Amino acid sequence: MTPVHFSFSSAFMLGLMGLAFHRTHLLSALLCLEGMMLSLFIALALWALQFESTGFSTAPMLLLAFSACEASAGLALLVATARTHGTDRLQNLNLLQC
């Protein structure tokens with residue numbers, strides 16, 4: 001395993017561990033998701049550069065576009081949750097209520 005591969009896989013795993021074990025606030029969960037998406041973006045971009053494939057070079061840009069859409073939807077959900085519930089703590093949210 002090369003050091004570059006190790007750093008991107010460890011960055012992804014750190015984001016996944018943060019998402020799995022540190023779920024107190026919605027903002028921290030969204031930041032962990034963004035960290036995972038950015039590590040995937042950089043890994044895909046370096047993979048396309050390493051193999052010098054022109055057909056695969058659009059995949060990182062597509063992933064970055066979906067990541068931006070996911071971030072804007074998460075931010076809108078965070079604002080709506082903070083307005084309705086007064087906090088972004090995930091323990092105070094009850095998904096069974098209307």
Side-chain angles (χ1 to χ4, degrees):
M1 180 180 285
T2 63
V4 173
H5 184 260
F6 175 73
S7 65
F8 292 126
S9 62
S10 64
F12 183 81
M13 291 304 293
L14 280 174
L16 188 64
M17 293 291 192
L19 187 62
F21 295 126
H22 189 65
R23 293 182 298 181
T24 56
H25 294 281
L26 183 59
L27 184 62
S28 65
L30 290 173
L31 283 174
C32 289
L33 279 174
E34 282 301 311
M36 290 169 57
M37 291 300 285
L38 284 176
S39 67
L40 281 176
F41 167 71
I42 293 172
L44 274 175
L46 285 179
W47 189 39
L49 284 175
Q50 182 180 7
F51 288 127
E52 297 174 355
S53 63
T54 58
F56 192 67
S57 62
T58 60
M61 288 299 142
L62 187 65
L63 181 72
L64 191 62
F66 283 131
S67 177
C69 293
E70 177 257 334
S72 65
L75 187 59
L77 184 66
L78 177 70
V79 168
T81 302
R83 283 185 181 171
T84 57
H85 296 294
T87 184
D88 70 331
R89 291 184 60 88
L90 292 176
Q91 295 161 347
N92 295 342
L93 300 177
N94 190 0
L95 296 176
L96 299 176
Q97 290 178 338
C98 292

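Here the structure is a predicted model, which is why all the values come from computation and not from measurement.
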Worked verdict on E70 versus E34 for side-chain contact (heavy atoms from CB on, under 4.5 Å)
CA-CA 9 Å; E70 177 257 334; E34 282 301 311; 2.7 Å; yes
Say whether [X] and [Y] are linked into one hydrophobic cluster, either directly or through other cluster members, by side-chain heavy-atom distances under 4.5 angstrom.
X	Y	answer
V79	L90	no
L62	L38	no
L33	F66	no

Suppose we screen for side chain to side chain donor-acceptor pair (under 3.5 Å). Which residues come up paired with H5, at least two apart in sequence or across chains?
none
Rounded distance [0.5 Å steps], [atom1] in [X] versus [atom2] in [Y]:
X	Y	atom1	atom2	answer
S9	L16	OG	CG	12.0 Å
L31	H22	CG	NE2	10.0 Å
L64	L40	CG	CG	11.5 Å
M13	F6	CE	CZ	11.0 Å
L78	H25	CG	NE2	11.0 Å
M61	L44	CE	CG	11.0 Å

Whether T84 side chain and A80 backbone form a donor-acceptor pair below 3.5 Å:
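Indeed, once roles are kept as given, a pair shorter than 3.5 Å links the two residues.
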In sequence, state the C-alpha distance, the side-chain angles, and the governing distance for L46 and F8, and then conclude on side-chain contact (heavy atoms from CB on, under 4.5 Å).
CA-CA 10 Å; L46 285 179; F8 292 126; 3.2 Å; yes
Only counting residues at least two apart or in another chain, list the ones meeting ring-ring contact (aromatic ring centres under 6.0 Å, His included) with F51.
W47
With heavy-atom distances below 4.5 Å as the criterion, would you say the side chains of L75 and L30 are in contact?
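In short, these two side chains do not touch, never coming nearer than 4.5 Å.
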Side chains of T81 and L26: does their closest heavy-atom pair fall under 4.5 Å?
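Heavy-atom side-chain distance check passes, below 4.5 Å.
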Please report the shortest heavy-atom distance between L19 and C32, naming the atom on each side.
N-SG, 3.7 Å
